[in-house]
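Structure record follows, encoded as structure tokens.
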Amino acid sequence: MSNVRTRFAPSPTGGLHLGGVRTALFSYLYAKKHKGQFVLRIEDTDQNRYVEGAEQYIIDCLTWCGIAPDEGPHVEGGEHHPYRQSERKETYKQYAQQLVDAGHAYYAFDTQEELEAKRAEVKLHNEHGTFQYDSTNRLHLNNSLRLTSDEVAKLINEGVPYVIRIKMPENELITFQDMIRGEISNESSLVDDKVLLKADGMPTYHLAVVVDDYLMKITHAFRGEEWLPSAPVHIKLWEYLGWKNEMPQWAHLPLILKPDGNGKLSKRDGDRLGFPVFAMNWTDPKTNELATGFKELGFLPEAFINLLAMLGWSSGEEKELFSKEELIQLFSMDRVHKGGAKFDFEKAKWFNHEWIKHQSAELLLNDVKAILVKHHVEITSDEALCSIISLVKDRCTLLGDFYTQCVYFYESPKSIEIEAIQPKWNEDKKNFFVKIQSLFNDVSDWNMNEIETCFKHLATEMNIKVGELQLPFRVMLVGGKFGPGVFQIAEMIGKENTIARINTTLNLL
RNA sequence: GCCGCGUUGGUCAAUCGGUUAAGACGCCUCCCUUUCACGGAGGAAUGACGAGUUCGACUCUCGUACGUGGUACCA
């Protein structure tokens with residue numbers, strides 16, 4: 001039994017972003033590859049940003065992707081409940097206190113306004129300067145490092161709000177190993193004394209990750225590259241808390257960038273360029289604004305995780321199409337790219353197209369059925385639908401395409417693209433289609449071969465090229481220039497429908 | 001500004017000191033198909049720049065440029 005434990009620790013603040021899903025995916029793959037556990041922890045320590053429903057939504061997304069966590073707030077059992085940080089408030093407080101007692105952290109009474117004023121002041125003198133709460137000025141600020149213990153006790157007794165900050169060491173090179181990037185070093189004096197415990201008693205991310213990763217026995221911690229700059233704080237915390245030997249191995253994943261321009265991919269980019277950024281539909285409870293998800297746009301979860309896996313990771317071989325099981329087997333952190341990857345929606349669609357093509361009709365059945373039912377198409381036989389699916393799936397990039405590609409098997413086309421016929425239309429052709437109706441009527445065994453023979457026979461007899469007749473025939477049956485072989489379609493929709501559709505179009509011409 | 005991280009065709013990427021620098025997406029041409037696709041064949045297009053190390057550098061080192069992240073009582 002392996003002891004590998006990874007976690008995905010999102011904040012329930014809104015839709016689940018591509019980058020988030022990928023972090024979850026890599027964590028899942030790594031855990032599963034090593035026969036370990038993948039846990040979900042909800043980092044809801046910022047009460048201002050908390051969004052109702054976001055937690056369940058995250059769970060739904062992971063489940064849809066097929067990477068459901070083994071442990072989490074939603075899973076019964078699980079040794080480390082609660083998995084919601086807001087419910088572990090007291091635990092963090094205790095460790096923050098331990099840090100203060102050991103002299104690695106201190107109380108700070110400066111108000112946010114005071115600090116903002118300091119920052120503004122520095123900016124005033126030096127446009128590029130930054131006020132840092134660090135060793136150079138912490139002794140001039142309103143904290144327990146400067147105040148006497150009596151003064152501190154008095155302030156606390158009076159109920160003056162305070163935060164607890166880490167006391168970063170001076171002139172120390174903080175070094176750690178990143179599974180993707182190798183050794184990373186930071187000069188301790190350059191990182192400031194981050195707040196560990198906020199005035200409302202909630203921990204900040206910095207304290208919470210460390211405490212929870214330790215308590216939840218996380219062995220490998222993967223997160224986005226944006227966390228790299230604060231890693232030294234976490235490293236020191238692991239050390240100060242006395243857990244250095246149990247510190248997980250870190251991997252900071254490259255960012256997913258916007259397709260054009262530069263920067264991190266955001267929901268806005270999706271809106272602007274016309275593609276989803278969230279895994280599933282997300283409706284903002286405040287604005288009621290709906291953001292379309294990959295699922296609802298018609299992506300297969302298999303394709304979705306496949307394309308995400310290939311953004312930043314590659315197997316080293318030519319193959320690009322992988323099932324989840326294959327990914328689990330092949331995945332390794334040292335094949336993850338260091339640089340960020342721009343998201344390419346065209347390639348994303350290609351993955352989905354490939355998955356639809358390779359998926360069996362039986363597996364596609366339920367999804368396709370749902371789409372047709374949504375459009376009020378009556379489906380009588382699953383078996384027939386499966387044959388139809390096999391016939392058209394090569395032509396579908398998104399699941400929604402199945403509607404256009406399947407309806408005409410069930411209903412007469414609502415509109416006929418007669419512009420496609422008209423230019424080359426003439427009396428001879430018209431006569432052909434008039435005559436073919438009665439000939440079709442006499443076909444006893446209605447199958448594609450018989451239909452084709454009958455069709456070609458008359459064409460030859462009337463001295464018209466078969467090819468010139470096939471296009472009009474197709475448009476009559478399906479309404480436009482698309483779909484599989486015409487005779488195949490004619491067979492499947494049946495003799496009566498075929499004749500009726502010819503007749504309908506003839507009246508339009 | 002400071003600090004961190006990065007940089008192979010338009011995009012995703014292979015290569016881990018010696019190759020004509022893979023492959024995929026997209027684009028273009030052709031074949032198949034008198035539909036749309038699938039499939040097949042081919043094409044255009046790449047190592048940011050400059051030094052060094054080396055018999056030899058896309059691969060190692062340094063510098064520059066550029067990009068990106070952080071610089072919150074947000075994660």
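Values in this document were obtained by computation on a predicted structure and should not be read as measured data. Chain naming here is simple, since letters A, B, ... match the order of the sequence lines and numbering starts at 1 in each.
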Nearest-Å distance once atom C1' is located in both B/A13 and B/G23 | 8 Å
Take atom C1' in B/U53 and the same atom in B/C60, then report the distance between them in whole Å.
-> 8 Å
Assess whether ring pair (Phe, Tyr, Trp, His ring centres under 6.0 Å) is satisfied between A/Phe351 and A/Phe322, documenting all intermediate values.
-> CA-CA 10 Å; A/Phe351 274 105; A/Phe322 296 102; 9.2 Å; no
Closest listed nucleotide, where the reference is the side chain of A/Thr204 and the choices are B/U68, B/C74, B/A24 | B/C74
Touch check for A/Lys349, heavy atoms < 4.0 angstrom, all strands: base, sugar-phosphate only, or nothing?
-> nothing
A/Trp350: partners by ring-ring contact (aromatic ring centres under 6.0 Å, His included), with sequence neighbours left out | none
Within the pair A/Lys198 and B/A75, is there a side-chain N or O less than 4.0 Å away from OP1 or OP2?
-> yes
Go through the steps to decide whether A/Asn142 and A/Glu114 satisfy the test side-chain hydrogen bond (donor to acceptor under 3.5 Å, both in side chains), and finish with yes or no.
-> CA-CA 10 Å; A/Asn142 199 12; A/Glu114 285 166 358; 4.7 Å; no
Side chain to side chain donor-acceptor pair (under 3.5 Å): which pairs involve residues 191-202 of chain A, sequence neighbours left out?
-> A/Tyr106-A/Asp193, A/Arg138-A/Asp193, A/Asp192-A/Lys194
Send over the distance from A/Glu354 CD to B/G23 P, rounded to a whole Å.
-> 17 Å
Distance-only, no hydrogens or angles: does the A/Arg335 side chain make a donor-acceptor pair with backbone N or O of A/Ser314 under 3.5 Å?
-> yes
In whole angstroms, how far is the C1' atom of B/C36 from the NE2 atom of A/His353?
-> 11 Å
Residue A/Val163, side-chain heavy atoms: nucleotide from B/C25, B/G23, B/C73 that is nearest = B/C73
Taking only N/O atoms, report every protein-nucleotides 41-44 of chain B pair under 3.5 Å with atom names and distance.
none

Nearest to side-chain heavy atoms of A/Phe482, which nucleotide of B/C36, B/G26, B/A75 = B/C36
Say you pick atom C1' in B/G10 and the same atom in B/U71; how far apart are they, in whole Å?
-> 33 Å
Quick one: which residue pairs count as a side chain to side chain donor-acceptor pair (under 3.5 Å) with a foot in residues 16-27 of chain A, not counting sequence neighbours?
-> none
Pairing residues for A/Asp260 by the side chain to side chain contact (heavy atoms under 4.5 Å, CB included) criterion, not counting sequence neighbours | A/Lys258, A/Arg272, A/Leu273
Quote, to the nearest angstrom, the P distance that separates B/A45 from B/A57.
-> 25 Å
Inter-residue atom distance A/Ile166.CD1 - A/His206.NE2, 0.5 Å rounding = 9.5 Å
Taking only residues two or more places apart in sequence, or in another chain, which ones meet A/Tyr133 in a side-chain hydrogen bond (donor to acceptor under 3.5 Å, both in side chains)?
-> A/Asp110, A/Asn143
Would you please classify the geometry between the A/Phe345 ring and the A/Phe299 ring as parallel, tilted or perpendicular, with 30° and 60° separating the classes?
-> tilted
Under the ring-ring contact (aromatic ring centres under 6.0 Å, His included) rule, collect the residues that match up with A/Tyr205, sequence neighbours excluded.
-> A/Trp227, A/His234
When you compare B/G50 with B/U11, how far apart are their C1' atoms, in angstrom units rounded to a whole number?
-> 28 Å
Base, sugar-phosphate alone, or nothing: which one does A/Ser230 contact when heavy atoms must sit under 4.0 Å apart?
-> nothing
Separation of the C1' atoms in B/C58 and B/C3, to the nearest angstrom | 29 Å
Between B/G69 atom P and A/His252 atom NE2, what is the distance in whole Å?
-> 16 Å
Figure out the NE2/P separation between A/His206 and B/C74, and round it to whole Å.
-> 9 Å
Remember a base hit wins even if backbone is also touched, and classify A/Glu346 as base, sugar-phosphate or nothing at under 4.0 Å, heavy atoms.
-> sugar-phosphate
Would you indicate, yes or no, if B/C73 has its OP1 or OP2 atom less than 4.0 angstrom from a side-chain nitrogen or oxygen of A/Arg165?
-> yes
For B/C74 and B/G69, measure between their C1' atoms and round to the nearest Å.
-> 15 Å
Its glycosidic angle compared against 90° from 0, B/C66 adopts the form anti
Considering just the side-chain nitrogens and oxygens of A/Arg119, establish if one lies under 4.0 Å of OP1 or OP2 belonging to B/C73.
-> yes
Using a 4.0 Å heavy-atom cut-off, write out nucleotides 2-15 of chain B from 5' to 3' as B (base contacted by protein), S (sugar-phosphate only) or - (no contact).
-> -SSSS----SSSSS
Each stem that RNA chain B is part of, given as range with range (3 or more consecutive Watson-Crick or G-U pairs, under 3.5 Å) | B:1-7 with B:65-71, B:10-12 with B:23-25, B:27-31 with B:39-43, B:48-52 with B:60-64
Whole-Å distance, A/His358 NE2 to B/C38 P, equals 12 Å
Spacing of A/Lys264 atom NZ relative to B/A75 atom C1', expressed in whole Å = 9 Å
Tell me what A/Asp110 touches on the nucleic acid: a base, only sugar-phosphate, or nothing, going by heavy atoms under 4.0 Å.
-> base
Nearest-Å distance, CG (A/Asp212) to P (B/A75)?
-> 13 Å
Have a look at A/Phe294 and tell me which of A/Phe275, A/Phe304, A/Trp282 forms a ring-ring contact (aromatic ring centres under 6.0 Å, His included) with it.
-> A/Phe304
Looking at residues at least two apart in the chain, or sitting in another chain, which of them share a ring-ring contact (aromatic ring centres under 6.0 Å, His included) with A/Phe402?
-> none
In whole angstrom, give the distance that lies between atom CZ of A/Arg501 and atom P of B/U35.
-> 20 Å
In residues 385-408 of chain A, which ones come under 4.0 Å of RNA chain B, going by heavy atoms?
-> A/Asp394, A/Arg395
When all nucleic acid strands are considered with a 4.0 Å heavy-atom cut-off, which category describes A/Pro484: base, sugar-phosphate, or nothing?
-> base
What is the nucleic acid contact for A/Gly263, judged by heavy atoms within less than 4.0 Å: base, sugar-phosphate only, or nothing?
-> sugar-phosphate
Under the side chain to side chain contact (heavy atoms under 4.5 Å, CB included) test, residues paired with A/Gln56 that sit two or more places apart = A/Ile59, A/Asp60
For B/A48 versus B/C66, give the span between their P atoms, rounded off to a whole number of Å.
-> 16 Å
